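One structure is given here, and the rest of the page talks about it.
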Amino acid sequence: MPQDNCDPPRLPRAFYDRDPATLARALLGQRLVRIADGQRVSGLISETEAYGGPDDQASHAFRRTPRSAIMYGPPGYAYVYFIYGMYFCLNAVAAADGQPGAVLIRGVVPQEGITIMRSRRPGVADAHLADGPGKVCQAFGITRNLNAADLTASSELWIEAGPGVPASRVVITPRIGVRGDAAARNRLWRFLTRP
DNA sequence: CTCTCGATGCGCT
DNA sequence: GCGCATCGAGAGA
């Protein structure tokens, strides 16, 4: 596979080497980039959620299993999982090696390759191309193949430094759809960008 | 092996 | 607002 970019400005591993909530906030306004079939698709991350380890009942890493093992590994890797029999969700592994944690990419505002996204999600209005975790993976063509991809080195999927988002435009809420104990439900670990 | 149900999205009401 | 699609991970037996 020839590398058609000289040196894409991927965020370095140190960027991911933080606790999940801090990383979730920091990922807002960064650029998610996907190259498939030589086509570049990108957008600014607009919504994230942090997931922890054994102290977070809502997290896959609440228990260490073969699937969640990657969340215990070094930061900067993609954790892609299959859900509800038909959707994929993309996470970026956070925190140091041995410290479990990840950030779910819940929403992206499309920038480049919008026509490709439309073709991947036929009949969907532009505003809803990637405004949900499953939609992000559909619009960006992200599947199981990209699980464990190194976001700091992959030529297929990475995150670049974007304009970021000022604190005045960040909204923080509890996470969506978590069913754990009160601690898991009440944690303010969802970050979204207000327009 | 079997059973449950989910870090969801969509279409219909 | 509500029900359904659809299947793999994880747990219990």
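Please read these numbers as outputs of a predicted model, since none were measured by experiment. Heavy-atom basis, side chains included; hydrogens, waters and symmetry copies ignored. Naming convention: chains lettered A, B, ... in sequence-line order (proteins, then strands); numbering from 1 in each chain.
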Are B:dA7 and A:Tyr51 stacked, with the base six-membered ring and the side-chain ring centres under 5.5 Å apart and planes under 30°?
yes
A:Phe15 six-ring face occupied by A:Arg13 cation (under 6.0 Å, within 45°)
no
Short N-O contact, A:Arg185 and A:Asp181, less than 4.0 angstrom
no
Map A:His60 and A:Gly85 onto DNA chain C by nearest heavy atom, then report which one ends up closer to the 5' terminus.
A:Gly85
Find the distance A:Arg67:CZ to B:dC5:C1' and express it as a whole number of Å.
11 Å
Under the rule of Watson-Crick or G-U wobble with both distances under 3.5 Å, where | means paired to another strand and [ ] a crossing pair, DNA chain C maps to |||||.||||||.
Results of ring-ring contact (aromatic ring centres under 6.0 Å, His included) for A:Phe191 - residues two or more places apart only
none
Quick one: A:Arg185 CZ to B:dA7 C1', roughly how many Å, whole number?
15 Å
Taking the basic N atoms (NZ, or NE/NH1/NH2) and the acidic carboxylate oxygens, is any pair closer than 4.0 Å for A:Arg106 and A:Glu49?
yes
With a non-hydrogen cut-off below 4.0 angstrom, is A:Arg121 in contact with a base, only sugar-phosphate, or nothing?
sugar-phosphate
Whole Å only: how far is the CG atom of A:Leu104 from the C1' atom of B:dG6?
13 Å
Within this structure, what is the CG-to-C1' distance between A:Leu129 and B:dG9, rounded to whole angstrom?
14 Å
Between A:Glu160 and A:Arg10 (salt bridge meaning N to carboxylate O under 4.0 Å), is one present in this structure?
no
Do you know the tightest heavy-atom contact between A:Pro163 and A:Arg31?
CD-NH2, 4.3 Å
Which value, in whole Å, describes the distance between the P atoms of nucleotides C:dG1 and B:dA7?
22 Å
When you measure from the side-chain N and O atoms of A:Arg179 to the phosphate of B:dC5, is any distance below 4.0 Å, counting only OP1 and OP2?
no
In whole angstrom, give the distance that lies between atom CD1 of A:Ile83 and atom P of B:dG9.
9 Å
Between P of B:dC5 and CD of A:Gln57, the distance in whole Å:
16 Å
Bounds of contact between DNA chain C and chain A, in 5' to 3' order, using a heavy-atom cut-off under 4.0 Å:
C:dA5 to C:dA11
Tell me what A:Arg144 touches on the nucleic acid: a base, only sugar-phosphate, or nothing, going by heavy atoms under 4.0 Å.
sugar-phosphate
Hey, any chance A:Ile83 and A:Val136 share a hydrophobic cluster, counting ILVMFWY side chains that come within less than 4.5 Å of each other, even indirectly?
no
Answer yes or no: does a side-chain N or O of A:Arg106 lie under 4.0 Å from OP1 or OP2 of B:dT8?
yes
Hey, is A:Tyr84 stacking on B:dT8? Ring centres under 5.5 Å, planes under 30°.
yes
Looking only at the aromatic ring of each residue, does the gap between the centers of A:Tyr81 and A:Tyr79 stay below 6.0 angstrom?
yes
Between atom CG in A:Asn147 and atom C1' in B:dA7, what is the gap in whole Å?
15 Å
Six-ring centre of A:Tyr72, A:Arg64 cation under 6.0 angstrom, axis tolerance 45°
yes
Over how many whole Å does the gap from A:Lys135 atom NZ to B:dG11 atom P extend?
10 Å
Carboxylate-amine/guanidinium proximity below 4.0 Å for A:Arg25 and A:Asp19
no
By the 4.0 Å heavy-atom rule, please label A:Arg175 as base, sugar-phosphate, or nothing.
nothing
